[in-house]
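Below is one structure, written out as structure tokens, with a few remarks after it.
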Protein chains: 2
Amino acid sequence: MSNIRVVAELAGVSVATVSRTLKQPESVSPKTRHRVLDAIQQAGYQPNQLAARLRSGKTHNLVVLVPTIANVFFARVISGMQQVAHEKGFTLLLSNTQADEQTECHYARMVESAAADGVIQLRAFNPFKREHVNEHQLHPMVNACEVLDEVACPTVMLDNRAAAAAMTRHLLALGHNRIALVKGPARSPLTRDRIAGYRDALNEVGINFDEQLLVAGDFSLKSGYEAAAHLLTLAERPTAIFCENDEMAMGAMQCLKKMGLRIPEDMSVAGFDDINFAEYSDPPLTTIAQPAEEFGRTAVSLLIDVLQGRVTKAAKVILPFELVIRNSTGPLHKQP
Amino acid sequence: MSNIRVVAELAGVSVATVSRTLKQPESVSPKTRHRVLDAIQQAGYQPNQLAARLRSGKTHNLVVLVPTIANVFFARVISGMQQVAHEKGFTLLLSNTQADEQTECHYARMVESAAADGVIQLRAFNPFKREHVNEHQLHPMVNACEVLDEVACPTVMLDNRAAAAAMTRHLLALGHNRIALVKGPARSPLTRDRIAGYRDALNEVGINFDEQLLVAGDFSLKSGYEAAAHLLTLAERPTAIFCENDEMAMGAMQCLKKMGLRIPEDMSVAGFDDINFAEYSDPPLTTIAQPAEEFGRTAVSLLIDVLQGRVTKAAKVILPFELVIRNSTGPLHKQP
DNA sequence: TTGAAAGCGCTAACAC
DNA sequence: GTGTTAGCGCTTTCAA
């Protein structure tokens with residue numbers, strides 16, 4: 001691979017001129033510019049990014065910390081990130097962390113070792129060591145989707161509490177008063193907010209919260225299936241199941257159908273996310289649509305703003321949700 | 001951020017000793033090593049990767065070219081890549097190319113500009129310019145999943161022809177003799193191979209290939225839905241639909257159910273890939289299981305082997321598939 | 001408008 | 001075992 005010196009020699013100019021031709025062409029006379037461009041062609045010259053980056057101290061790399069890329073929702077988020085990153089000349093370093101804090105810290109450290117400029121964390125965990133926190137300066141980080149409580153950085157989030165309340169109200173309006181909630185991992189603020197929203201809606205109509213109707217899941221199809229199986233063993237069964245994501249809702253539906261229940265006649269089921277499959281499930285799933293790609297796009301442009309000093313406060317961006325009513329939820333049918 | 005010189009000064013040694021302490025600790029006396037390590041601690045020193053990489057000429061970055069990350073199958077492949085990359089100290093630069101050749105070339109050029117060491121292409125397209133091809137040297141590239149015909153690089157693939165034949169034979173054995181095939185994008189070798197396998201199986205039992213039963217799709221749920229809708233308009237309907245991926249099969253099932261057909265009594269449906277959802281669809285989908293994560297793992301370790309000169313031939317790795325029979329396929333029921 | 005030259009932070013060849 | 005030193009390829013003052 002040829003370097004800048006070869007090109008300079010070929011064009012009969014200095015290396016500085018070659019560099020300028022590429023970076024600020026207007027500062028070079030048309031004649032020289034032409035000669036240099038020709039020489040670049042001839043040499044098949046590609047500027048060495050490594051060297052340029054070392055010099056400038058900018059890598060144009062962004063680390064993305066995602067718990068599981070195999071999750072359809074996150075895949076869409078990343079898709080959105082990619083769009084903006086590509087547009088703005090950044091590349092995404094993907095890290096599928098399996099929610100492992102050590103791995104997350106490892107990748108976050110790439111910022112300190114100049115392998116990346118910033119990180120986007122899709123989980124509620126701060127991968128930067130406390131000691132390095134500077135009160136007056138933001139970490140080069142943006143937190144999206146599952147956000148931290150103590151925001152030390154800009155965040156992009158949904159009003160999960162309001163969204164869960166909206167779905168719960170929808171089910172209440174259909175006449176359900178025993179509504180189960182299949183939640184996600186217990187420690188997640190996201191799970192906690194959705195539970196809060198669910199309780200808000202119950203409170204509004206004076207229904208007591210029943211601990212039994214709160215079942216733990218892990219956002220997988222399987223855990224939704226198991227949660228539904230468990231709920232069916234209850235003495236006082238629910239008449240509707242609200243799952244904190246679509247995968248669990250689809251798993252739950254599978255279980256219910258296997259047990260011979262009809263959806264929504266015998267049991268209503270609702271999800272969260274509105275993944276592709278939701279519309280094509282049987283019956284099509286009532287859910288909360290989240291602007292997944294928009295999460296990614298916003299997170300990346302926010303991070304770039306932080307890196308370029310255009311954002312200096314830990315701002316919070318709240319993205320809108322939409323209640324999408326399909327056929328998996330329906331009016332309460334009195335049990336025979 | 002402190003640098004190697006600060007640490008050297010702090011420890012009262014030369015920069016070379018600091019570097020050695022980190023790279024070949026055994027070549028430094030225990031006493032000095034200790035002093036250096038202490039100084040590193042004290043300075044909060046993180047070696048600058050950019051500098052190390054410029055020096056060594058290795059970035060330890062691998063570009064991944066994926067058509068659509070929002071595709072569940074690819075997401076799993078990437079998941080596997082990530083595992084091995086992390087183990088071997090490489091990072092993945094993700095590029096969601098939407099199958100755009102220009103974008104693919106752009107990212108592949110990162111190798112020439114020293115922003116990455118190699119590329120993994122998940123689509124049948126060579127993103128490197130021909131001119132740069134050297135007969136005796138491999139491109140730093142590995143092609144996986146959808147592979148090129150003219151292999152200029154190592155590939156990781158499935159025997160798509162055999163897999164499609166196996167599925168077709170399964171349907172034939174159930175008594176079906178009008179089997180539709182919903183294919184992927186026409187130009188893909190993968191699509192072509194699967195069609196060939198389908199025809200192989202038909203030939204074996206002397207059934208003529210019927211062009212009408214070959215429907216185009218694009219691997220999306222929607223296209224599967226539409227393909228099924230189209231097939232139902234045929235004068236001589238098929239009794240089984242074999243889709244080239246699970247998403248299309250699920251879309252097709254949705255359409256069939258909407259039209260009041262029972263699966264598999266009125267129509268058998270089969271997919272390809274065995275994504276998570278396949279097991280949880282209604283009915284559970286008969287499909288070809290592909291070792292998605294293994295594709296990713298193999299591709300990355302193969303690429304690293306190429307980069308380190310351990311592989312010099314465009315070897316072909318063929319991964320095994322498995323016919324997974326669930327309830328979406330069943331014996332032919334004579335139409336009334 | 002162009003060139004000379006100093007370094008970004010590190011590694012490695014060579015000397016002691 | 002350890003230090004000295006010459007770069008890796010580029011950008012960017014500073015001078016001309």
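Note: hydrogens, waters and symmetry copies are ignored here, and every other heavy atom, side chains too, is used. Chain letters run A, B, ... following the sequence lines, proteins first and then strands; every chain starts at 1.
- In this structure, A:Q24 places its CD atom 16 Å from P of D:dC10, rounding to the nearest Å.
- A:R55 has its CZ atom 11 Å from the C1' atom of C:dA5, to the nearest Å.
- Atom pair A:N48:CG and D:dG7:C1' shows a separation of 14 Å (rounding to whole Å applied).
- Going from atom CD of A:Q49 over to atom P of D:dG9 covers 14 Å, rounded to whole Å.
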**Item:** Intermediate values then yes/no, side-chain contact (heavy atoms from CB on, under 4.5 Å), B:M141 and B:L303
**Value:** CA-CA 6 Å; B:M141 172 165 86; B:L303 180 54; 5.5 Å; no
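- Between A:I304 and A:R310, the shortest heavy-atom distance links the atoms CG2-NH2, 4.3 Å.
- Between the CG atom of A:L50 and the C1' atom of D:dG7 there is a distance of 15 Å, given to the nearest Å.
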Atom pairs, protein N/O to nucleotides 2-4 of chain D N/O, distance under 3.5 Å:
unit_1	atom_1	unit_2	atom_2	d
D:dT2	OP1	B:S29	OG	3.0
D:dT2	OP1	B:T32	OG1	2.4
D:dT2	OP2	B:S29	N	2.8
D:dT2	OP2	B:T32	OG1	3.0
D:dG3	OP2	B:S14	N	2.9
D:dG3	OP2	B:S14	OG	3.2
D:dG3	OP2	B:T17	OG1	2.6
D:dG3	N7	B:R20	NH2	3.3
D:dG3	O6	B:R20	NH2	2.5

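- Per the geometry, CG belonging to A:L22 stands 7 Å off P belonging to D:dT11, to the nearest Å.
- Contact between the side-chain N/O atoms of B:S19 and the OP1/OP2 oxygens of C:dC10 is not found at any separation under 4.0 Å.
- Separating the CG atom of B:N3 from the P atom of C:dT11 is a distance of 12 Å, rounded to the nearest angstrom.
- Aromatic ring orientation, B:F128 versus B:H139: parallel (interplanar angle below 30°, classes split at 30° and 60°).
- No hydrogens or angles considered: nothing links the side chains of A:T155 and A:N143 as a donor-acceptor pair under 3.5 Å.
- Scanning for side-chain contact (heavy atoms from CB on, under 4.5 Å) contacts around A:E294 gives A:P291, A:R297, A:T298, A:L319, with sequence neighbours left out.
- Look at CD on B:Q46: it is 11 Å from P on C:dC10, rounded to the nearest Å.
- Distance from the side chain of B:L54 is smallest to D:dC8 among D:dC10, D:dC8, C:dC10.
- Applying the side-chain hydrogen bond (donor to acceptor under 3.5 Å, both in side chains) test to pairs two or more places apart or on separate chains, those with a residue in residues 30-56 of chain B are B:S29-B:T32.
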